Amino acid sequence: MPHQLDIVYFSWVKERLGRAQETVVCPETVHTIGELIGSLKASDALYQDVFSDLKKLRFALDQDFVGLDAPLGNAKELAIFPPVTGG
Amino acid sequence: MPHQLDIVYFSWVKERLGRAQETVVCPETVHTIGELIGSLKASDALYQDVFSDLKKLRFALDQDFVGLDAPLGNAKELAIFPPVTGG
Amino acid sequence: MIKILVMEGDFDAGEEIKALAALGGGAVANFVGQVRGGGKLAALELEHYPAMTEKALRKIADKAAEKWTLHGITIIHRVGQLQVGEQIVLAATCSDHRQAAIEACSYIMDQLKTVAPFWKKEIRLDGSENWVEERQSDVDAATSWND
Amino acid sequence: MIKILVMEGDFDAGEEIKALAALGGGAVANFVGQVRGGGKLAALELEHYPAMTEKALRKIADKAAEKWTLHGITIIHRVGQLQVGEQIVLAATCSDHRQAAIEACSYIMDQLKTVAPFWKKEIRLDGSENWVEERQSDVDAATSWND
């Protein structure tokens, strides 16, 4: 069964993509967040633009911070956003 | 002119001496707080008792913390008390 | 006792301190951050990740409760649009010892700045907008605790 | 803006925080110490050296204002008889930066414990009395700032 994943965006990532969330079907070759991002970038110039500098992005998988090499596993929700600036 | 000095006491020093303040005339041979204390102890067994352990006492001359070797100068008020415990 | 609040409305720091003081520890430390004016800032827009925010704040509080002996922890963070001078955040702790209370409060703020999913957008007097960028000094402060 | 109060009456930490926050720094740190219960304690009697107390607290505040960039400092210390649970002391600071506010607040408390002329007498439930002794950990904390 293909892995459906909700992606949520915040801050300027959301604004530049023009959407707050979307659901993607992960290709079978995609196992990590980094690979998913690569696949998104290959599919659309907008992703390529917004995700161009990965050092400026942070990721949370099912609401826990993770790195680019984290396996997607059976996660339901991936969040992509810039470094947090609360407090 | 003999040096008149007000001495004020606090906490258990006050309680054990049974007085909150007194005025003493410093003998001419007395130049420092340590010498004054020595002269008081020589004059009265009560001082000898209360001032027996100088490590448990602190001193302020005209409202500034000083050590035992501080010269009395023309100070008006000497305070003798245990280490502070506010806050 | 851990209390976490994420809300649009304002809070009363005095009431939060009283609630913690009632736990009887004897030492209550408290930090309040507000929107600092000056320059061309009119307001801040505080965005957050609702599904994650409370969880992230609770993790910070749990970690503080592991590191120090505390009677209580309160973390409040506001979201939405906040004008210059308005309160943004409160971190408060109650302990038997002042150093524990103050250190834990400092720790919570340092962690909050780097692992709680909030983003600040500046809204300037001329109407222009700007997402606030991460400060290296905040990253350094958070990592200095060697968690 | 330095505010020093030594008084028998109670204080409102929330109002003190508001007054400091109104200075606009953006970061307000606050510490409140209260009479901790437990054991046989009924109350504390806080004695002080009136001619020296304000001077000593002002010195601490002046030193904190030298060491950190602060918009305001408030120090309040109560005297007289205080029951278990009552507030004793407040130290609060306002700065542009949270670390400065928190560190200055911590510094003020550490210094206050060792150079402000207050003495605490415990009044126990059975009526017996005991002057509180200096704690070495307080001395160590105060000297750790390398003033």
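Letters A, B, ... are given to chains in the order of the sequence lines, protein chains preceding strands, and every chain is numbered from 1. Computed from a prediction, not measured in an experiment: that's the story for all the values here.
For D:Glu133, the CD atom sits in a loose shell: 12 or fewer heavy atoms of surrounding residues, nucleotides or ligands are nearer than 6.0 Å. Within a 6.0 Å radius of CD in D:Glu8, other residues, nucleotides and ligands contribute 12 heavy atoms or fewer. For NZ of D:Lys40, the number of neighbouring non-hydrogen atoms (other residues, nucleotides, ligands) closer than 6.0 Å is 12 at most.
Heavy-atom distances place no part of D:Lys18 under 4.5 Å from chain C, backbone and side chain included. Proximity to chain C (any heavy atom under 4.5 Å) is shown, for D:Glu103, by neither the backbone nor the side chain. Looking at D:Val32, both its backbone and its side chain come within 4.5 Å of chain C, counting heavy atoms on both sides.
Taking chain D as the reference chain and counting heavy-atom pairs below 4.5 Å, the highest number among C:Val89, C:Ile88, C:Asp110, C:Asp12 is found for C:Asp110. Chain C forms the most heavy-atom pairs under 4.5 Å with one residue out of D:Gly14, D:Ala27, D:Gly33, and that residue is D:Ala27. Taking C:Glu15, C:Gln99, C:Arg98 one by one and counting their heavy-atom pairs under 4.5 Å with chain D, the maximum is reached by C:Arg98. Most heavy-atom pairs under 4.5 Å with chain C, from the set D:Ala21, D:Cys105, D:Ala141, D:Ser106: that is D:Ala21. Chain D forms the most heavy-atom pairs under 4.5 Å with one residue out of C:Gly25, C:Ala22, C:Cys94, C:Gly85, and that residue is C:Gly25.
The shortest side-chain heavy-atom distance between D:Val28 and C:Gln87 does not fall under the 4.5 Å cut-off.
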